Number of protein chains: 2
Amino acid sequence: MRSPDELSEFLRANGLKATPQRHAVFEALHRESGHPTADDIWARVREQMPTISLRTVYQALHDLVDLGEARIVTVGAGAAQFDRNTEQHDHFVCRKCEAIFDVVSSRPRLMSGFPDVADVELPATDGSGPSGARSDVVEPAANFQIETAEVIFRGLCAPCGG
Amino acid sequence: MRSPDELSEFLRANGLKATPQRHAVFEALHRESGHPTADDIWARVREQMPTISLRTVYQALHDLVDLGEARIVTVGAGAAQFDRNTEQHDHFVCRKCEAIFDVVSSRPRLMSGFPDVADVELPATDGSGPSGARSDVVEPAANFQIETAEVIFRGLCAPCGG
DNA sequence: GCAATAGCTAACAAAACTTGTTAGTTGCCA
DNA sequence: TGGCAACTAACAAGTTTTGTTAGCTATTGC
(Lines give C-alpha, C1' and ligand atoms only; values in the text may rest on other atoms or scores of the structure.)
Protein backbone atom coordinates (compact mmCIF):
# COMPACT_ATOMS: atom_id res chain seq x y z
CA MET A 1 0.00 0.00 0.00
CA ARG A 2 1.26 3.39 -0.99
CA SER A 3 2.11 5.99 1.63
CA PRO A 4 0.25 9.32 1.45
CA ASP A 5 3.27 10.95 -0.14
CA GLU A 6 3.59 8.17 -2.65
CA LEU A 7 -0.09 8.42 -3.48
CA SER A 8 0.18 12.18 -4.03
CA GLU A 9 3.09 11.69 -6.34
CA PHE A 10 1.36 8.86 -8.15
CA LEU A 11 -1.79 10.90 -8.68
CA ARG A 12 0.11 13.89 -10.02
CA ALA A 13 2.22 11.69 -12.26
CA ASN A 14 -1.05 10.60 -13.83
CA GLY A 15 -2.41 14.09 -14.30
CA LEU A 16 -4.75 14.05 -11.31
CA LYS A 17 -4.76 16.37 -8.36
CA ALA A 18 -3.82 15.05 -4.94
CA THR A 19 -6.91 16.04 -3.01
CA PRO A 20 -7.81 15.16 0.58
CA GLN A 21 -10.88 13.34 -0.73
CA ARG A 22 -8.82 11.03 -2.91
CA HIS A 23 -6.46 10.29 -0.04
CA ALA A 24 -9.37 9.55 2.26
CA VAL A 25 -11.03 7.21 -0.22
CA PHE A 26 -7.77 5.41 -0.89
CA GLU A 27 -7.12 4.91 2.79
CA ALA A 28 -10.67 3.79 3.47
CA LEU A 29 -10.45 1.26 0.67
CA HIS A 30 -7.41 -0.22 2.34
CA ARG A 31 -8.72 -0.01 5.87
CA GLU A 32 -12.08 -1.53 5.07
CA SER A 33 -12.24 -5.29 5.31
CA GLY A 34 -13.08 -7.53 2.42
CA HIS A 35 -14.63 -6.08 -0.70
CA PRO A 36 -16.45 -2.89 0.25
CA THR A 37 -19.10 -1.12 -1.78
CA ALA A 38 -18.96 2.58 -2.59
CA ASP A 39 -21.43 3.05 0.23
CA ASP A 40 -19.16 1.22 2.67
CA ILE A 41 -16.28 3.47 1.69
CA TRP A 42 -18.47 6.51 2.00
CA ALA A 43 -19.48 5.59 5.55
CA ARG A 44 -15.88 5.01 6.50
CA VAL A 45 -14.62 8.25 4.99
CA ARG A 46 -17.37 10.32 6.58
CA GLU A 47 -16.02 9.45 10.00
CA GLN A 48 -13.15 11.82 9.29
CA MET A 49 -14.65 13.93 6.52
CA PRO A 50 -18.37 14.35 7.22
CA THR A 51 -19.17 16.55 4.24
CA ILE A 52 -17.81 14.33 1.47
CA SER A 53 -20.46 13.34 -1.03
CA LEU A 54 -21.18 9.86 -2.27
CA ARG A 55 -20.68 11.19 -5.78
CA THR A 56 -17.11 12.12 -4.95
CA VAL A 57 -16.49 8.67 -3.49
CA TYR A 58 -17.69 7.05 -6.71
CA GLN A 59 -15.51 9.40 -8.69
CA ALA A 60 -12.42 8.73 -6.63
CA LEU A 61 -12.95 4.98 -6.68
CA HIS A 62 -13.30 4.93 -10.44
CA ASP A 63 -10.18 7.03 -10.75
CA LEU A 64 -8.34 4.42 -8.70
CA VAL A 65 -9.72 1.68 -10.94
CA ASP A 66 -8.60 3.58 -14.02
CA LEU A 67 -5.13 3.91 -12.56
CA GLY A 68 -4.98 0.22 -11.80
CA GLU A 69 -4.98 0.77 -8.03
CA ALA A 70 -8.27 -1.08 -7.52
CA ARG A 71 -10.57 -3.52 -9.26
CA ILE A 72 -14.31 -3.78 -9.47
CA VAL A 73 -15.62 -7.20 -8.48
CA THR A 74 -18.88 -8.23 -10.08
CA VAL A 75 -20.13 -11.48 -8.72
CA GLY A 76 -23.85 -10.87 -8.99
CA ALA A 77 -26.55 -8.28 -8.54
CA GLY A 78 -26.42 -5.41 -6.11
CA ALA A 79 -23.85 -2.73 -5.54
CA ALA A 80 -20.44 -2.99 -7.14
CA GLN A 81 -17.71 -4.10 -4.78
CA PHE A 82 -14.20 -2.77 -4.90
CA ASP A 83 -11.06 -4.79 -4.50
CA ARG A 84 -7.79 -3.21 -3.44
CA ASN A 85 -5.94 -6.39 -4.32
CA THR A 86 -4.61 -5.82 -7.81
CA GLU A 87 -2.49 -8.93 -7.86
CA GLN A 88 -3.70 -11.79 -10.02
CA HIS A 89 -6.30 -13.63 -8.01
CA ASP A 90 -9.80 -15.07 -8.20
CA HIS A 91 -12.86 -15.03 -5.95
CA PHE A 92 -14.98 -17.36 -3.89
CA VAL A 93 -18.55 -16.29 -3.15
CA CYS A 94 -20.47 -17.93 -0.33
CA ARG A 95 -24.04 -18.69 -1.34
CA LYS A 96 -25.20 -18.36 2.25
CA CYS A 97 -23.55 -15.28 3.70
CA GLU A 98 -22.62 -13.85 0.28
CA ALA A 99 -19.17 -12.89 1.49
CA ILE A 100 -16.44 -12.70 -1.11
CA PHE A 101 -13.06 -14.28 -0.44
CA ASP A 102 -9.93 -13.83 -2.44
CA VAL A 103 -8.56 -17.00 -3.93
CA VAL A 104 -4.85 -16.90 -4.48
CA SER A 105 -2.80 -19.03 -6.79
CA SER A 106 -5.68 -20.84 -8.39
CA ARG A 107 -4.81 -19.44 -11.78
CA PRO A 108 -1.44 -21.11 -12.39
CA ARG A 109 -2.79 -24.43 -11.26
CA LEU A 110 -5.96 -24.19 -13.28
CA MET A 111 -4.66 -22.60 -16.43
CA SER A 112 -1.43 -23.53 -17.96
CA GLY A 113 0.24 -20.61 -19.58
CA PHE A 114 -2.65 -18.22 -19.35
CA PRO A 115 -3.15 -15.76 -20.98
CA ASP A 116 -1.32 -17.42 -23.81
CA VAL A 117 -3.99 -20.08 -23.93
CA ALA A 118 -4.70 -20.35 -27.62
CA ASP A 119 -6.94 -23.32 -28.09
CA VAL A 120 -10.01 -22.50 -26.08
CA GLU A 121 -13.06 -23.22 -28.16
CA LEU A 122 -14.80 -19.94 -28.75
CA PRO A 123 -17.69 -19.17 -29.05
CA ALA A 124 -20.71 -21.40 -29.02
CA THR A 125 -23.19 -18.57 -29.15
CA ASP A 126 -22.73 -15.14 -30.57
CA GLY A 127 -23.67 -12.24 -28.35
CA SER A 128 -24.23 -9.78 -31.13
CA GLY A 129 -25.63 -11.77 -33.99
CA PRO A 130 -28.61 -10.89 -36.13
CA SER A 131 -31.37 -9.90 -33.80
CA GLY A 132 -33.92 -12.08 -35.46
CA ALA A 133 -32.45 -15.45 -34.74
CA ARG A 134 -30.09 -17.29 -32.49
CA SER A 135 -26.62 -17.35 -33.92
CA ASP A 136 -24.69 -20.54 -33.58
CA VAL A 137 -21.71 -19.47 -35.59
CA VAL A 138 -18.49 -20.83 -34.20
CA GLU A 139 -15.48 -18.64 -34.78
CA PRO A 140 -11.94 -19.92 -34.65
CA ALA A 141 -10.38 -19.12 -31.31
CA ALA A 142 -7.39 -17.54 -32.99
CA ASN A 143 -9.51 -14.51 -33.85
CA PHE A 144 -10.35 -13.85 -30.24
CA GLN A 145 -7.76 -12.07 -28.18
CA ILE A 146 -7.98 -13.08 -24.55
CA GLU A 147 -6.49 -10.45 -22.29
CA THR A 148 -7.67 -11.39 -18.83
CA ALA A 149 -9.59 -14.13 -17.08
CA GLU A 150 -11.22 -14.32 -13.71
CA VAL A 151 -12.61 -17.34 -11.98
CA ILE A 152 -15.57 -17.11 -9.65
CA PHE A 153 -16.01 -20.05 -7.32
CA ARG A 154 -19.29 -20.44 -5.51
CA GLY A 155 -20.20 -22.65 -2.60
CA LEU A 156 -20.20 -22.64 1.18
CA CYS A 157 -17.49 -20.82 3.08
CA ALA A 158 -15.91 -22.29 6.19
CA PRO A 159 -17.78 -20.08 8.69
CA CYS A 160 -21.08 -21.07 7.08
CA GLY A 161 -20.35 -24.73 7.44
CA GLY A 162 -18.60 -25.51 4.20
CA MET B 1 -35.30 -26.75 -26.14
CA ARG B 2 -38.58 -27.96 -24.70
CA SER B 3 -41.71 -28.03 -26.81
CA PRO B 4 -44.71 -26.02 -25.56
CA ASP B 5 -46.33 -29.19 -24.28
CA GLU B 6 -43.18 -30.25 -22.54
CA LEU B 7 -42.84 -26.83 -20.98
CA SER B 8 -46.41 -26.96 -19.68
CA GLU B 9 -45.81 -30.34 -18.18
CA PHE B 10 -42.51 -29.22 -16.72
CA LEU B 11 -44.04 -26.15 -15.13
CA ARG B 12 -46.92 -28.09 -13.58
CA ALA B 13 -44.57 -30.77 -12.35
CA ASN B 14 -42.82 -28.02 -10.42
CA GLY B 15 -45.97 -26.55 -8.94
CA LEU B 16 -46.25 -23.63 -11.34
CA LYS B 17 -49.10 -22.81 -13.67
CA ALA B 18 -48.60 -23.05 -17.40
CA THR B 19 -49.59 -19.55 -18.44
CA PRO B 20 -49.33 -17.95 -21.87
CA GLN B 21 -46.95 -15.39 -20.39
CA ARG B 22 -44.52 -18.04 -19.22
CA HIS B 23 -44.61 -19.74 -22.58
CA ALA B 24 -44.00 -16.47 -24.37
CA VAL B 25 -41.05 -15.56 -22.18
CA PHE B 26 -39.54 -19.01 -22.55
CA GLU B 27 -39.84 -18.87 -26.32
CA ALA B 28 -38.47 -15.34 -26.50
CA LEU B 29 -35.49 -16.35 -24.42
CA HIS B 30 -34.71 -19.06 -26.93
CA ARG B 31 -35.45 -16.99 -30.00
CA GLU B 32 -33.46 -13.99 -28.90
CA SER B 33 -29.81 -14.05 -29.89
CA GLY B 34 -26.97 -14.03 -27.42
CA HIS B 35 -27.59 -13.10 -23.83
CA PRO B 36 -30.68 -10.89 -23.69
CA THR B 37 -31.70 -8.63 -20.85
CA ALA B 38 -35.16 -8.67 -19.32
CA ASP B 39 -35.89 -5.62 -21.41
CA ASP B 40 -34.86 -7.43 -24.60
CA ILE B 41 -37.17 -10.30 -23.75
CA TRP B 42 -39.95 -7.87 -22.96
CA ALA B 43 -39.63 -6.19 -26.36
CA ARG B 44 -39.65 -9.54 -28.10
CA VAL B 45 -42.66 -10.85 -26.23
CA ARG B 46 -44.69 -7.69 -26.74
CA GLU B 47 -44.65 -8.32 -30.47
CA GLN B 48 -47.14 -11.07 -29.88
CA MET B 49 -48.51 -10.10 -26.48
CA PRO B 50 -48.62 -6.30 -26.31
CA THR B 51 -50.08 -6.03 -22.82
CA ILE B 52 -47.54 -8.10 -20.91
CA SER B 53 -45.79 -6.14 -18.20
CA LEU B 54 -42.07 -5.92 -17.62
CA ARG B 55 -42.75 -7.10 -14.09
CA THR B 56 -44.21 -10.33 -15.38
CA VAL B 57 -41.20 -10.86 -17.64
CA TYR B 58 -38.87 -10.49 -14.67
CA GLN B 59 -41.02 -12.88 -12.70
CA ALA B 60 -41.12 -15.50 -15.43
CA LEU B 61 -37.39 -15.25 -16.07
CA HIS B 62 -36.58 -15.74 -12.42
CA ASP B 63 -38.92 -18.70 -12.31
CA LEU B 64 -36.97 -20.22 -15.19
CA VAL B 65 -33.72 -19.56 -13.36
CA ASP B 66 -35.11 -21.19 -10.21
CA LEU B 67 -36.10 -24.23 -12.25
CA GLY B 68 -32.66 -24.47 -13.80
CA GLU B 69 -33.92 -23.59 -17.28
CA ALA B 70 -31.86 -20.42 -17.50
CA ARG B 71 -28.89 -18.73 -15.89
CA ILE B 72 -28.15 -15.15 -15.00
CA VAL B 73 -24.87 -13.93 -16.42
CA THR B 74 -23.17 -11.21 -14.45
CA VAL B 75 -20.11 -9.93 -16.20
CA GLY B 76 -20.23 -6.33 -15.07
CA ALA B 77 -22.51 -3.39 -14.45
CA GLY B 78 -25.80 -2.79 -16.18
CA ALA B 79 -28.83 -4.93 -16.66
CA ALA B 80 -28.69 -8.62 -15.84
CA GLN B 81 -28.37 -10.84 -18.87
CA PHE B 82 -30.06 -14.19 -19.17
CA ASP B 83 -28.51 -17.31 -20.61
CA ARG B 84 -30.65 -20.16 -21.95
CA ASN B 85 -27.57 -22.36 -22.15
CA THR B 86 -27.60 -24.38 -18.96
CA GLU B 87 -24.77 -26.66 -20.02
CA GLN B 88 -21.42 -26.18 -18.34
CA HIS B 89 -19.73 -23.33 -20.13
CA ASP B 90 -17.90 -20.07 -19.55
CA HIS B 91 -18.03 -16.60 -21.06
CA PHE B 92 -15.94 -14.25 -23.11
CA VAL B 93 -16.71 -10.52 -22.86
CA CYS B 94 -15.45 -8.14 -25.51
CA ARG B 95 -14.09 -4.95 -23.99
CA LYS B 96 -14.99 -2.99 -27.11
CA CYS B 97 -18.49 -4.07 -28.16
CA GLU B 98 -19.31 -5.64 -24.78
CA ALA B 99 -20.87 -8.66 -26.42
CA ILE B 100 -20.86 -11.89 -24.46
CA PHE B 101 -19.83 -15.13 -26.13
CA ASP B 102 -20.23 -18.59 -24.76
CA VAL B 103 -16.99 -20.46 -24.29
CA VAL B 104 -17.37 -24.19 -24.50
CA SER B 105 -15.02 -26.80 -23.17
CA SER B 106 -12.65 -24.47 -21.43
CA ARG B 107 -13.42 -25.99 -18.07
CA PRO B 108 -12.00 -29.49 -18.54
CA ARG B 109 -8.86 -28.11 -20.07
CA LEU B 110 -8.37 -25.46 -17.45
CA MET B 111 -9.36 -27.33 -14.34
CA SER B 112 -8.41 -30.86 -13.71
CA GLY B 113 -11.06 -32.65 -11.77
CA PHE B 114 -13.16 -29.64 -10.87
CA PRO B 115 -15.16 -29.40 -8.65
CA ASP B 116 -13.13 -31.87 -6.70
CA VAL B 117 -10.25 -29.45 -6.67
CA ALA B 118 -9.10 -29.61 -3.09
CA ASP B 119 -5.92 -27.67 -2.89
CA VAL B 120 -6.88 -24.23 -4.02
CA GLU B 121 -5.46 -21.71 -1.61
CA LEU B 122 -8.40 -20.00 -0.02
CA PRO B 123 -8.80 -17.24 1.01
CA ALA B 124 -6.28 -14.45 1.12
CA THR B 125 -8.75 -11.91 2.35
CA ASP B 126 -11.85 -12.45 4.39
CA GLY B 127 -15.01 -10.83 3.17
CA SER B 128 -16.69 -10.74 6.51
CA GLY B 129 -13.95 -10.13 8.99
CA PRO B 130 -13.99 -7.63 11.83
CA SER B 131 -15.11 -4.36 10.35
CA GLY B 132 -12.31 -2.42 11.89
CA ALA B 133 -9.39 -3.96 10.14
CA ARG B 134 -8.39 -5.88 7.10
CA SER B 135 -8.43 -9.58 7.72
CA ASP B 136 -5.61 -11.57 6.25
CA VAL B 137 -6.54 -14.85 7.84
CA VAL B 138 -5.97 -17.78 5.56
CA GLU B 139 -8.31 -20.68 6.07
CA PRO B 140 -7.49 -24.18 4.96
CA ALA B 141 -9.19 -24.92 1.66
CA ALA B 142 -10.72 -28.09 3.05
CA ASN B 143 -13.20 -25.98 5.00
CA PHE B 144 -14.52 -24.34 1.87
CA GLN B 145 -16.97 -26.27 -0.21
CA ILE B 146 -16.71 -25.33 -3.87
CA GLU B 147 -19.91 -26.11 -5.71
CA THR B 148 -19.57 -24.26 -9.00
CA ALA B 149 -17.04 -22.21 -10.89
CA GLU B 150 -17.34 -19.89 -13.82
CA VAL B 151 -14.59 -18.35 -15.86
CA ILE B 152 -14.96 -14.93 -17.43
CA PHE B 153 -12.51 -14.18 -20.21
CA ARG B 154 -12.11 -10.61 -21.36
CA GLY B 155 -10.42 -9.22 -24.42
CA LEU B 156 -11.20 -8.37 -28.04
CA CYS B 157 -13.65 -10.46 -30.01
CA ALA B 158 -13.03 -11.40 -33.62
CA PRO B 159 -15.46 -8.87 -35.13
CA CYS B 160 -13.79 -6.10 -33.15
CA GLY B 161 -10.37 -6.99 -34.43
CA GLY B 162 -9.18 -9.46 -31.85
C1' DG C 1 4.81 33.42 -1.78
C1' DC C 2 0.92 34.62 -5.08
C1' DA C 3 -2.24 34.83 -8.77
C1' DA C 4 -4.32 32.40 -12.76
C1' DT C 5 -6.44 28.33 -14.19
C1' DA C 6 -7.53 23.67 -14.88
C1' DG C 7 -9.49 20.39 -12.40
C1' DC C 8 -12.14 18.98 -8.49
C1' DT C 9 -16.04 18.74 -5.06
C1' DA C 10 -20.73 19.09 -3.17
C1' DA C 11 -25.32 19.34 -4.09
C1' DC C 12 -29.01 18.30 -6.72
C1' DA C 13 -31.42 15.87 -10.20
C1' DA C 14 -32.37 12.08 -12.70
C1' DA C 15 -31.42 7.78 -15.23
C1' DA C 16 -31.38 2.85 -15.13
C1' DC C 17 -32.69 -1.34 -13.28
C1' DT C 18 -35.27 -4.15 -10.21
C1' DT C 19 -38.59 -5.31 -6.77
C1' DG C 20 -42.88 -4.55 -3.61
C1' DT C 21 -47.82 -4.31 -3.46
C1' DT C 22 -52.48 -5.29 -4.62
C1' DA C 23 -56.87 -5.80 -6.99
C1' DG C 24 -58.69 -8.40 -10.38
C1' DT C 25 -58.12 -12.48 -13.49
C1' DT C 26 -57.08 -17.21 -14.79
C1' DG C 27 -55.36 -21.97 -14.79
C1' DC C 28 -56.07 -26.11 -12.33
C1' DC C 29 -58.11 -29.75 -9.72
C1' DA C 30 -61.90 -32.01 -7.67
C1' DT D 1 -67.88 -26.57 -13.88
C1' DG D 2 -67.12 -24.16 -9.49
C1' DG D 3 -63.80 -22.78 -6.09
C1' DC D 4 -59.43 -21.44 -4.97
C1' DA D 5 -54.65 -20.84 -5.21
C1' DA D 6 -51.71 -18.79 -8.18
C1' DC D 7 -50.83 -15.45 -11.51
C1' DT D 8 -50.83 -10.93 -14.06
C1' DA D 9 -50.99 -5.96 -14.88
C1' DA D 10 -50.56 -1.66 -13.08
C1' DC D 11 -48.51 1.34 -10.14
C1' DA D 12 -45.29 2.78 -6.81
C1' DA D 13 -41.09 2.86 -4.93
C1' DG D 14 -36.33 1.20 -3.73
C1' DT D 15 -31.50 0.85 -4.96
C1' DT D 16 -27.49 1.99 -7.31
C1' DT D 17 -25.13 4.87 -10.30
C1' DT D 18 -24.32 8.77 -13.26
C1' DG D 19 -25.18 13.69 -15.30
C1' DT D 20 -24.86 18.55 -14.43
C1' DT D 21 -23.17 22.77 -12.63
C1' DA D 22 -21.74 26.50 -9.59
C1' DG D 23 -18.31 27.38 -6.53
C1' DC D 24 -13.83 25.90 -4.57
C1' DT D 25 -8.93 24.25 -4.50
C1' DA D 26 -4.49 22.23 -5.90
C1' DT D 27 -1.08 23.21 -9.07
C1' DT D 28 2.07 25.80 -11.77
C1' DG D 29 4.46 29.70 -13.59
C1' DC D 30 6.11 33.69 -12.06
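Everything quoted here is computed from the prediction, not taken from an experiment. Reminder, nothing fancy here: chain letters follow the sequence lines and each chain counts from 1.
Contacts between residues 52-75 of chain B and DNA chain D, defined by a heavy-atom separation below 4.0 Å, involve B:I52, B:S53, B:R55, B:T56, listed by number.
Both A:G15 and B:A38 lie near DNA chain C, and the one whose nearest nucleotide falls closer to the 5' end is A:G15. Toward the 5′ end of DNA chain D lies the nearest nucleotide of B:Q21, the other residue of the pair B:Q21 and A:Q81 mapping further downstream.
In 5' to 3' order, the nucleotides of DNA chain C bounding all contacts with chain A (an atom under 4.0 Å from a heavy atom) are C:dA6 to C:dA11.
Looking at residues two or more places apart in sequence or on another chain, you find no side-chain contact (heavy atoms from CB on, under 4.5 Å) involving B:T51. With sequence neighbours excluded, the residues forming a salt bridge (Lys or Arg N to Asp or Glu O under 4.0 Å) with A:D63 are A:R22, listed by chain and number. Take A:R95 and apply the side-chain hydrogen bond (donor to acceptor under 3.5 Å, both in side chains) test, not counting sequence neighbours, and it matches B:E147. With sequence neighbours left out, the side-chain contact (heavy atoms from CB on, under 4.5 Å) criterion links A:D83 to A:H35, A:R71, A:V73, A:N85, A:H89, A:H91, A:D102. Residues satisfying the side-chain hydrogen bond (donor to acceptor under 3.5 Å, both in side chains) criterion with B:R2, sequence neighbours excluded, are B:E69. Among residues two or more places apart in sequence or in another chain, the side-chain contact (heavy atoms from CB on, under 4.5 Å) test is passed with B:M1 by B:F26, B:E27, B:H30. A:S53 meets the side-chain contact (heavy atoms from CB on, under 4.5 Å) test with A:R55, A:T56; sequence neighbours excluded.
For A:E87, the CD atom is loosely surrounded, since the number of other residues' heavy atoms within 6.0 Å does not exceed 12.
Within the 4.0 angstrom heavy-atom criterion, no nucleotide atom of any strand lies near A:T37. Here A:A80 lies in heavy-atom contact (under 4.0 Å) with sugar-phosphate atoms only.
Taking five base pairs at each end of the helix from C:dG1-D:dC30 to C:dA30-D:dT1 and finding the rotation axis that steps the C1' atoms of four pairs onto the next four gives two axes whose angle is 40°, to the nearest 10°.
The minimum heavy-atom distance between B:V45 and B:A28, with the atom names listed, is CG2-CB, 3.5 Å.
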Please test B:L11 against B:L7 for side chain to side chain contact (heavy atoms under 4.5 Å, CB included), starting from the C-alpha separation and ending with a verdict. CA-CA 6 Å; B:L11 288 168; B:L7 179 61; 3.9 Å; yes

Reading nucleotides 25-30 of chain D from the 5' end, what letters show protein touch, with B for base, S for backbone sugar-phosphate only, - for no heavy atom under 4.0 Å? BBS---

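For B:E32 and B:R84, the salt-bridge test fails: no basic side-chain N is under 4.0 Å from an acidic carboxylate O.
Judged as a side chain to side chain donor-acceptor pair (under 3.5 Å), the pairs with a partner in residues 7-19 of chain A (not counting sequence neighbours) are, in order, A:S8-A:H23.
Taking hydrophobic clusters as Ile, Leu, Val, Met, Phe, Trp and Tyr residues chained together by side-chain heavy-atom distances below 4.5 Å, B:V75 does not share a cluster with B:L29.
Taking atom CD1 on A:I41 and atom C1' on D:dT17, their separation rounds to 16 Å, with Å as the unit.
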